[in-house]
Chemist: 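Below is a structure I'd like to ask you about.
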Amino acid sequence: MDANEILDYCLAQKGVTETFPFDKETLVMKVGAKMFLLMSLDKQPLTIAVKTDPEWSAELREQHPQITGAYHMNKTHWNSVSLDGLKKELILQLIDDSYDLVFKSLTKKIQNAIINS
């Protein structure tokens with residue numbers, strides 16, 4: 001997957017916005033004003049950071065050398081994922097799970113506003 005595919009996939013989800021709050025190279029995808037994905041546009045191989053359930057994080061890190069604790073993030077909840085060599089299905093599942101975890105953390109009012117938009 002390339003950066004445009006990741007961007008298009010994320011923007012197809014309800015309530016998602018793209019921002020560059022840190023610098024011009026780090027794209028941040030948010031739902032309800034909360035981050036669920038970060039992507040370094042100038043790093044090769046393409047790498048994303050996603051929020052992940054802590055138990056699944058440990059499992060993923062054992063199975064895939066491309067998945068490690070995310071730089072500058074809470075390493076219990078965030079993974080850095082080098083997309084090189086990973087199956088597209090796993091990448092999409094990681095993005096979906098990150099979106100879902102963050103969406104579920106939003107208030108019911110914000111969730112309903114996103115659902116009904």
Chemist: Would you mind listing every ring-ring contact (aromatic ring centres under 6.0 Å, His included) that reaches into residues 3-39, with sequence neighbours excluded?
Modeler: F36-Y99

Chemist: Among residues at least two apart in sequence or on other chains, which ones pass side chain to side chain contact (heavy atoms under 4.5 Å, CB included) with K88?
Modeler: M1, E5, L92

Chemist: Check this for me: E55, atom CD, are more than 12 non-hydrogen atoms of other residues, nucleotides or ligands nearer than 6.0 Å?
Modeler: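 Count not over threshold, so no.
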
Chemist: To the nearest 0.5 Å, what is the distance between CG on L41 and CG on L46?
Modeler: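 It is 8.0 Å, given to the nearest 0.5 Å.
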
Chemist: Enumerate, atom names and distances included, each donor-acceptor pair closer than 3.5 Å involving a side-chain atom of residues 109-117, sequence neighbours excluded.
Modeler:
residue: Q111; atom: NE2; partner: F103; partner atom: O; Å: 2.9
residue: Q111; atom: NE2; partner: K104; partner atom: O; Å: 3.3
residue: Q111; atom: NE2; partner: L106; partner atom: O; Å: 3.1
residue: N112; atom: ND2; partner: K108; partner atom: O; Å: 3.2
residue: N116; atom: ND2; partner: N112; partner atom: O; Å: 2.9
residue: S117; atom: OG; partner: I114; partner atom: O; Å: 2.7

Chemist: Quick one: which of D100, D96, V31 gives a side-chain contact (heavy atoms from CB on, under 4.5 Å) with Q13?
Modeler: D96

Chemist: I need the minimum non-hydrogen distance between P45 and D84, along with the two atoms involved.
Modeler: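 Shortest heavy-atom separation between P45 and D84 comes out as CB-CB, 3.6 Å.
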
Chemist: Could you please spell out the steps behind the side-chain contact (heavy atoms from CB on, under 4.5 Å) verdict for K34 and K51?
Modeler: CA-CA 11 Å; K34 288 190 175 188; K51 193 165 189 173; over 6 Å; no

Chemist: Do Y71 and L94 sit in one hydrophobic cluster, given that two such residues count as connected whenever their side-chain heavy atoms are within less than 4.5 Å of each other, even indirectly?
Modeler: no

Chemist: Mind checking the CD-CG spacing from E59 to D53? Nearest 0.5 Å is all I need.
Modeler: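 With rounding to 0.5 Å, CD (E59) is 10.0 Å from CG (D53).
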
Chemist: Mind checking whether M73 and L60 sit in one hydrophobic cluster, side chains of I, L, V, M, F, W, Y counted as touching below 4.5 Å?
Modeler: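 No; L60 is not reachable from M73 via cluster members.
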
Chemist: Tell me, do L101 and V50 make a side-chain contact under 4.5 Å, heavy atoms counted?
Modeler: no

Chemist: Rounded to the nearest 0.5 Å, how far apart are NZ of K43 and CD of E25?
Modeler: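 Between K43 NZ and E25 CD, I get 13.0 Å after rounding to 0.5 Å.
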
Chemist: Find the distance between CG (D23) and CG (D42) and round it off to the nearest 0.5 Å.
Modeler: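 D23 atom CG to D42 atom CG measures 7.5 Å (nearest 0.5 Å).
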
Chemist: Output all residues satisfying side chain to side chain contact (heavy atoms under 4.5 Å, CB included) with P21, sequence neighbours left out; order by chain, then residue number.
Modeler: T19, V28

Chemist: Among T26, L27, T47, whose side-chain contact (heavy atoms from CB on, under 4.5 Å) with M39 holds?
Modeler: L27

Chemist: Can you list, pair by pair, the side-chain donor-acceptor contacts under 3.5 Å of residues 76-83, counting residues two or more places apart and other chains?
Modeler:
residue: T76; atom: OG1; partner: N74; partner atom: OD1; Å: 3.4
residue: N79; atom: OD1; partner: R61; partner atom: NE; Å: 2.6
residue: N79; atom: OD1; partner: R61; partner atom: NH2; Å: 2.7
residue: N79; atom: ND2; partner: T52; partner atom: OG1; Å: 3.3
residue: N79; atom: ND2; partner: S57; partner atom: OG; Å: 3.0

Chemist: D8: which residues meet the side chain to side chain contact (heavy atoms under 4.5 Å, CB included) condition with it, sequence neighbours left out?
Modeler: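 For D8, no residue satisfies side chain to side chain contact (heavy atoms under 4.5 Å, CB included) once neighbours in sequence are set aside.
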
Chemist: Once you round to the nearest 0.5 Å, how far does NZ of K87 lie from CD of Q93?
Modeler: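 Here the interatomic distance stands at 12.0 Å.
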
Chemist: Would you please test L7 and M29 for side-chain contact (heavy atoms from CB on, under 4.5 Å) and show each step?
Modeler: CA-CA 8 Å; L7 177 62; M29 306 303 292; 3.9 Å; yes

Chemist: Going from OG on S40 to CD1 on I48, what distance comes out if it is rounded to the nearest 0.5 angstrom?
Modeler: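 If we round to the nearest 0.5 Å, S40:OG and I48:CD1 are 12.0 Å apart.
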
